[in-house]
Amino acid sequence: MSSKESCRIELRTAIRQLSDRCLYSSSKWAAEQLVGIEQDPAKFTPANTRFHRGSSSIRRRFRTNDVASTPPAGVSYVSTPVMEEDEIVDGDFYLLAKSYFDCREYRRAAHVLRDQMGKKSVFLRCYALYLAGEKRKEEEMIELEGPLGKTDAVNRELVSLERELSTLRKNGTIDPFGLYLYGIVLKEKGSENLARSVLVESVNSYPWNWDAWLKLQSLCTTVDILNNHSLNNHWMKDFFLASAYQELRMHNESLAKYEYLQGTFSFSNYIQAQIAKAQYNLREFETVEVIFEELLRNDPYRVEDMDMYSNVLYAKECFSALSYLAHRVFLTDKYRPESCCIIGNYYSLKGQHEKSVLYFKRALKLDKNFLSAWTLMGHEYVEMKNTPAAVDAYRRAIDINSCDYRAWYGLGQAYEMMGMRFYALHYFRKSVFLQPNDSRLWIAMAKCYETDQLHMLEEAIKCYKRAVSCNDREAIALHQLAKLLQELGRSDEAAFYYKKDLERMEDEEREGPNMVEALLFLAQHCRNQKRFEEAEVYCTRLMDYTGPEKETAKSLLRGMRTAQSNFPSMDVEHFPP
């Protein structure tokens with residue numbers, strides 16, 4: 001049996017089992033991967049050709065290698081037996097409880113199953129109690145919310161659930177879904193090591209529950225922790241590792257995994273979105289934009305991940321495209337946190353920061369743990385010069401995900417605005433530790449070192465050099481580095497970086513004060529080094545400008561003519577006044 005066909009069979013079974021246990025998020029994910037498997041041309045029918053994309057697919061545009069659909073030599077995936085269902089006696093009660101569950105009547109569902117001992121019934125009863133506790137916790141948070149939007153509300157079902165699920169695990173009467181729920185309970189109670197062990201048991205026993213993998217991923221905060229797990233070599237492990245690498249900022253490794261998975265899941269929108277996310281973190285905005293355009297053509301009512309697309313359009317100042325996207329998601333589902341963030345970005349680009357904040361707050365009412373909304377709202381408060389509110393928003397983002405470099409960077413900016421440079425430096429350092437390949441962060445830290453309060457110029461130089469090595473797209477670092485070296489009297493080094501900056505501006509066909517400054521310094525430096533011919537080239541270019549730099553160039557040419565009597569005639573009268 002082919003790898004693709006076995007994946008299809010496994011996913012079809014998993015979708016039914018996950019849906020039957022009310023794990024709809026995992027079921028949806030599995031279904032998306034199922035239709036993402038390239039169809040056998042011999043089995044094509046008009047009903048399923050709508051999932052097949054033509055030769056213009058992004059997969060063909062952006063994949064670097066042609067990946068085989070079967071594992072490479074030396075790698076074999078384990079075969080995980082399909083779970084046997086055990087609901088015969090209590091099946092009618094289970095159907096009633098599931099109906100209550102689907103109507104969000106969680107305690108009622110749990111009550112129906114109070115005397116049912118089948119593994120499926122035990123899981124649904126415990127899961128219903130957990131969600132009932134979560135629902136009550138959210139209600140308490142609204143009722144008791146403090147001035148900073150924080151409360152001490154907890155899920156009151158965790159203690160009893162931990163006791164029951166722990167006993168079931170010790171007795172060997174717990175199934176993989178019960179282990180998944182037990183892992184969630186342990187994570188929320190702070191027992192992270194045990195939670196990891198339990199979740200590994202769950203995914204090894206039943207690898208198709210994507211939510212279990214995501215919970216495990218949230219506990220893998222370092223590469224060492226990730227590599228320490230004994231995971232079965234199932235193809236779902238590749239999805240997990242690709243996602244985990246992304247969160248651990250190993251973006252190239254993540255891309256390689258996703259490209260490998262495309263050999264089987266050739267038309268998976270999920271994989272395309274994750275590739276876009278990795279490219280976004282690598283700041284390859286042109287690639288990201290093309291991927292999202294293709295995703296919207298294939299799935300025009302998609303809202304998931306579109307907030308990232310809006311960030312790209314915002315960064316590129318594509319006003320019309322962002323306006324169209326905001327209108328589109330508003331009509332599709334305006335009460336999604338992603339939609340609110342997209343609309344918030346639209347108003348931010350228009351300069352209407354108060355209205356932008358309103359939409360980010362709306363996103364947080366829909367999902368108070370929606371990370372992007374906290375970070376983007378912090379950015380808006382910075383624009384509005386409301387630094388206390390900005391600091392609070394960034395801190396809330398860090399509470400949700402301490403690895404969000406944008407929030408640490410935002411805190412650095414906010415404290416720099418308040419003149420608290422040492423605090424700002426601390427937060428900038430955190431941001432570059434988390435995202436060492438972003439030139440903007442190194443430039444911000446360099447400018448902080450340059451301030452009168454710190455005046456650590458050697459450290460600033462190191463930061464600017466790192467920014468240059470990180471492909472500084474805004475072309476800020478080269479010029480700032482050259483300027484700083486010039487101020488410190490390190491002329492040879494300054495000339496090297498001014499020349500590199502000049503070459504870059506010529507390649508990009510950019511003009512402006514930076515070019516004038518580079519030409520002036522290089523002309524004077526070459527004159528001082530007695531490299532008169534090279535100095536003449538720079539002076540001649542300066543003669544094309546109409547400002548004071550033209551008179552300076554004339555003066556330099558006269559001085560060089562006087563200093564070098566055998567230098568070829570350079571009659572400045574031949575130059576236009």
Side-chain angles (χ1 to χ4, degrees), residues 3-4 6-8 10-15 18-19 23-39 48 50-53 57-63 67 69 203 207-218 234-248 250-251 253-282 284 287-312 329 332-333 336-338 370-372:
S3 173
K4 291 179 182 179
S6 62
C7 287
R8 263 192 217 101
E10 290 178 23
L11 284 168
R12 284 171 184 153
T13 304
I15 291 162
L18 291 163
S19 297
L23 296 172
Y24 298 118
S25 177
S26 290
S27 176
K28 182 185 83 167
W29 185 90
E32 287 175 348
Q33 306 325 305
L34 176 63
V35 300
I37 299 174
E38 188 169 16
Q39 301 292 320
N48 63 25
R50 63 194 180 95
F51 295 117
H52 183 69
R53 297 164 201 169
S57 168
I58 303 172
R59 175 177 67 95
R60 294 176 175 83
R61 273 189 236 164
F62 292 111
R63 282 176 58 200
V67 182
S69 62
V203 297
W208 304 281
N209 182 4
W210 182 237
D211 281 348
W213 288 105
L214 290 179
K215 290 297 179 186
L216 180 59
Q217 175 188 301
S218 69
H234 191 271
W235 53 265
M236 283 291 292
K237 178 184 173 183
D238 290 328
F239 276 102
F240 166 70
L241 289 176
S243 182
Y245 289 154
Q246 190 104 274
E247 290 301 309
L248 292 170
M250 299 165 63
H251 304 302
E253 292 85 347
S254 178
L255 276 173
K257 276 287 180 191
Y258 282 124
E259 287 172 356
Y260 170 75
L261 284 165
Q262 280 187 319
T264 299
F265 302 91
S266 310
F267 304 119
S268 167
N269 286 341
Y270 167 81
I271 291 178
Q272 292 296 350
Q274 295 306 305
I275 288 173
K277 184 178 179 181
Q279 297 284 14
Y280 174 79
N281 288 318
L282 293 170
E284 298 291 341
T287 301
V288 175
E289 189 175 3
V290 174
I291 292 175
F292 275 117
E293 286 172 357
E294 179 86 3
L295 275 174
L296 282 174
R297 277 195 293 272
N298 296 322
D299 190 1
Y301 300 103
R302 184 185 182 94
V303 176
E304 188 178 0
D305 302 314
M306 287 299 122
D307 54 318
M308 188 194 308
Y309 181 31
S310 78
N311 291 340
V312 172
V329 296
T332 301
D333 189 350
R336 282 275 294 270
E338 295 94 337
F370 197 73
L371 181 64
S372 294

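For the numbers below, each heavy atom of this structure counts, side chains included, while hydrogens, waters and symmetry mates do not.
- Between His234 and Glu10, the side chains place a donor N or O and an acceptor N or O closer than 3.5 Å (distance only, hydrogens not considered).
- To the nearest 0.5 Å, atom CH2 of residue Trp210 and atom CG of residue Leu18 are 13.0 Å apart.
- Checked against Trp29 for a ring-ring contact (aromatic ring centres under 6.0 Å, His included), the options Trp213, Tyr24, Tyr270 give a single hit: Tyr270.
- Here the closest non-hydrogen pair linking Arg302 and Ala273 is NH2-CB, 3.5 Å.
- Ser243 and Gln217 share a donor-acceptor pair across their side chains, judged by distance under 3.5 Å alone.
- Side chains of Gln279 and Leu255 form a contact here, defined as non-hydrogen atoms less than 4.5 Å apart.
- Remark: side-chain polar atoms of Gln246 are paired, donor with acceptor, to backbone N or O of Gln274 under 3.5 angstrom.
- The two residues Ser6 and Ser3 make their nearest non-hydrogen contact at OG-O, 2.8 Å.
- Rounding to the nearest 0.5 Å places CZ of Phe292 at 5.0 Å from CE of Met306.
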- Would you please test Glu338 and Met308 for side chain to side chain contact (heavy atoms under 4.5 Å, CB included) and show each step? CA-CA 9 Å; Glu338 295 94 337; Met308 188 194 308; over 6 Å; no

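- Phe240 CZ to Tyr245 OH: the interatomic distance, rounded to the nearest 0.5 Å, is 9.5 Å.
- When all heavy atoms are compared, the tightest approach of Tyr280 to Val312 is CD1-CG2, 3.5 Å.
- For the pairing with Ile271, the side chain to side chain contact (heavy atoms under 4.5 Å, CB included) check across Glu259, Glu32, Gln262, Lys257 returns one residue only, Gln262.
- Side chain of Ser254 to main chain of Met250: no donor-acceptor pair is present (N/O by atom type, distance under 3.5 Å, no hydrogens or angles).
- Across all their heavy atoms, Cys7 and Ile37 have their closest contact at CB-CD1, 3.9 Å.
- A donor-acceptor pair is defined here as one N or O able to donate and one able to accept, closer than 3.5 Å; such a pair exists between the side chain of Ser26 and the backbone of Asp211.
- Remark: Tyr309 OH to Leu296 CG distance equals 6.5 Å, nearest 0.5 Å.
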- Pair Leu282-Thr287, side chain to side chain contact (heavy atoms under 4.5 Å, CB included): steps then yes or no: CA-CA 10 Å; Leu282 293 170; Thr287 301; over 6 Å; no

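- Every residue meeting the salt bridge (charged side-chain N to carboxylate O under 4.0 Å, His left out) condition with Glu289, not counting sequence neighbours, appears here in chain and number order: Lys316.
- Of the candidates Thr264, Leu34, Val35, Leu34 is the only one forming a side chain to side chain contact (heavy atoms under 4.5 Å, CB included) with Arg8.
- Taking the six-membered ring where tryptophan is involved, the planes of Phe265 and Phe239 are perpendicular, since the angle between them exceeds 60° and thus also 30°.
- His251 NE2 to Ile275 CD1: the interatomic distance, rounded to the nearest 0.5 Å, is 14.5 Å.
- If you take CD1 on Ile291 and CG on Asp305, they are separated by 11.5 Å, rounding to the nearest 0.5 Å.
- Taking each heavy atom of Glu247 and Lys277 in turn, the nearest pair found is OE2-NZ, 3.3 Å.
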